[in-house]
2 protein chains.
Amino acid sequence: MINIGVDVGGTTIKMAFIDDEGKMLDKWAIATNTIDNGKHIADDISSSILKKMKQLSLDPSTVRGVGLGAPGFINMDTGFIYQAVNIGWKNYALKDALEQSIGLPVVIDNDANIAALGEMWLGAGQGAKNLICVTLGTGVGGGIICDGEILHGVSGMAGEIGHITVMPKDGAPCNCGKSGCLETVSSATGIRRMALDALDYNDSESILRDLFEEKGDISAEDVFNCAAKKDPLSSTVAEKAAYYLGFALGALAVTINPEKIVIGGGVSHAGETLITPLTKYFKRFALPRVFDACTIDIATLGNNAGVIGAAWLSKTKLEQKHTA
Amino acid sequence: MINIGVDVGGTTIKMAFIDDEGKMLDKWAIATNTIDNGKHIADDISSSILKKMKQLSLDPSTVRGVGLGAPGFINMDTGFIYQAVNIGWKNYALKDALEQSIGLPVVIDNDANIAALGEMWLGAGQGAKNLICVTLGTGVGGGIICDGEILHGVSGMAGEIGHITVMPKDGAPCNCGKSGCLETVSSATGIRRMALDALDYNDSESILRDLFEEKGDISAEDVFNCAAKKDPLSSTVAEKAAYYLGFALGALAVTINPEKIVIGGGVSHAGETLITPLTKYFKRFALPRVFDACTIDIATLGNNAGVIGAAWLSKTKLEQKHTA
């Protein structure tokens, strides 16, 4: 059977046809139309998919259904979106709207969770049934898989690991209203902020400072690039980001006992410059039996993780309905 | 159907007959015979149960099977005990031995997990499918239930929340080899240690000091009793234990998004003297939507939690086999 994976973002909607073996038959993207609080999106998705099916001469009876990921607070059971700020949806029955429009069964989860499912199915987490996925981007997102299933919790908030407090005292304020959250120190935003602070409080020579004076700004990527070149100031900042991430992942690991931790998002491009200190601190904060059972890897699916995980949702959650 | 719940401890083995509606028909206990590395225990349990069934004239066809909890590292799928130090078992196929001896199907999990299942079924967690149980005793144990199922993790180590690091710097050494674990500050042992330190570093008048001078020692219970009487030194110690527990539970709650947190073990007898500051700190470290969805309660089943949770294992895990 063929599954349709849809990954709704604030600017583009990615889509793909993926068969049950994980082979991607086609993928494409359309712009996200946020006009009228996003009420045209379901129809946009539906007409784009139907057009593509026609182009490829896909027999509709070979298509199982649609898996979809969206940002925001979602009730997975009902496919109801409480709120998706970037899109404009509020108290919106997305699943019902899309099912009506496309005439296929639809299953929905949030974007961090589908990315985790994608990495579990075909990416760095392949084969693992107990898995923690961390996305280090503008914020810090998380998807936690136990025994092959995403944790949702009682109100869909499970996996909000960016808001684990790692600096209980003197932490920077977080968008969530708390302070000292993991997101304030290990996201791209947090790393940039710590680096700017370090440049401010410090007069030492640094190639990061040269870069800052040249460009007028720096990014988390710059920090890791300079750290890879052994710049002491950049290394201190990178080490700090890795320390707090290792601290949070240590706590998570003694709780979840995962086989794999997959690190994705822009900051993960730092590769070994991040993974080496992260592994050192993770070992310090996890129990030996927990550390020994777990490997930390960089995500491999990049921007495709979402559509792949969404297709996995279709494959696994719509299977029973289809065969029933 | 009737389920047999067995809770194996280092000194006694508790047993009970509990029907599918949760009614306890009988309960009793026998001594734990640790001679010969515990190899007589399976036969002891079996003959004690068979004798009791005869006494009560129970029809064997009405008995579904045996759920059993034991301390230590257990493979739940196979019922194999890697190690249970207090009992003497090491690489022991307990499930096979007991099934052979008693002629009924057996299902096994560890003692912290069955206590959590007991509280979920008939105790403070009743009705909740997402639940964190914390046992504050000599150590700090945990059982985590997501979507009605205990988390085991890849090597059975999930829920070891006593070993979440809460004092990354200057923490006291823990039995696990790390330092600054939750267990070092929020267990009965940790609270006693902090109180003795406080008495040592401080000359202030305190009814806790009077008690110490009278008895030559103090317990965690003494600390909470004195804190309830507004003794400042005791209140500081109780507040510290609650602070670190709130910090760890905040991290767990943004990860798991539980409906209920159930606090058991000796320290939980402190009641509101513990729950009031704990709730304050838990709120500080959890996201508002996570805090709002969750209540913290004291465990209600006491020493019966284990046999009740073990009976739940029989009821839910042996059901399919029996009807198949």
Side-chain angles (χ1 to χ4, degrees), chain A residues 73 82-83 128-132 142 144 146-147 149-168 174 176-182 243-244 246-248 250-260 281 283-295, chain B residues 73 82-83 128-132 142 144 146-147 149-168 174 176-182 243-244 246-248 250-260 281 283-295:
Chain A
F73 299 123
Y82 298 114
Q83 186 157 24
K129 293 185 74 180
N130 293 279
L131 185 68
I132 297 171
I144 294 175
C146 295
D147 264 331
E149 296 287 339
I150 281 279
L151 296 193
H152 289 100
V154 66
S155 54
M157 294 288 288
E160 287 287 346
I161 63 181
H163 301 289
I164 291 177
T165 304
V166 295
M167 292 186 75
C174 183
C176 74
K178 299 198 300 152
S179 61
C181 292
L182 178 62
Y243 171 86
Y244 288 115
F247 175 71
L252 284 182
V254 299
T255 307
I256 305 292
N257 185 203
E259 189 174 346
K260 190 84 84 166
Y281 293 119
K283 185 172 187 172
R284 180 183 301 176
F285 295 119
L287 289 166
R289 284 174 73 101
V290 168
F291 175 82
D292 290 344
C294 184
T295 54
Chain B
F73 299 123
Y82 298 115
Q83 188 157 22
K129 293 185 75 180
N130 293 279
L131 185 68
I132 297 171
I144 294 174
C146 295
D147 264 330
E149 295 288 337
I150 281 281
L151 295 193
H152 289 99
V154 66
S155 54
M157 294 289 287
E160 286 289 345
I161 64 182
H163 301 290
I164 291 177
T165 305
V166 295
M167 294 186 75
C174 183
C176 74
K178 298 198 301 152
S179 62
C181 293
L182 178 62
Y243 171 86
Y244 288 115
F247 175 72
L252 284 182
V254 299
T255 306
I256 305 294
N257 185 202
E259 189 174 344
K260 191 83 86 166
Y281 293 119
K283 184 172 188 174
R284 180 184 301 177
F285 295 119
L287 290 166
R289 285 174 71 101
V290 168
F291 176 81
D292 290 344
C294 184
T295 54

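What you see below is based on every heavy atom in this structure, not just the backbone, and it leaves out hydrogens, waters and symmetry mates. Every chain is numbered from 1 and lettered A, B, ... according to where its sequence line falls, protein lines coming before strand lines.
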A/Ser155 side, atom OG; B/Glu259 side, atom CD - distance, nearest 0.5 Å | 9.5 Å

What residue in B/Ala286, B/Gly142, B/Ala248, B/Gly250 has the most heavy-atom pairs under 4.5 Å with chain A?
-> B/Ala286

With a 4.5 angstrom heavy-atom cut-off, could you sort out which part of [X] is near chain A: side chain, backbone, both or neither?
{"X": "B/Ala128", "answer": "neither"}
{"X": "B/Asn130", "answer": "side chain"}
{"X": "B/Leu252", "answer": "side chain"}
{"X": "B/Pro168", "answer": "both"}

side-chain contact (heavy atoms from CB on, under 4.5 Å) evaluation trace for A/Leu287 with B/Glu160 = CA-CA 9 Å; A/Leu287 289 166; B/Glu160 286 289 345; 3.9 Å; yes

Within the distance-only criterion (no hydrogens, no angle test), does the side chain of B/Lys178 pair as donor or acceptor with the backbone N or O of A/Phe285 below 3.5 angstrom?
-> yes

For the student: nearest non-hydrogen atoms of A/Met157 and B/Val290, plus distance | CB-CG2, 3.8 Å

Relative to chain B, which of A/Asp292, A/Thr255, A/Ile164 shows the most heavy atom pairs under 4.5 Å?
-> A/Thr255

Under the criterion side chain to side chain contact (heavy atoms under 4.5 Å, CB included), which of B/Ile144, B/Ile256, B/Val154 is the partner of A/Ile256?
-> B/Ile256

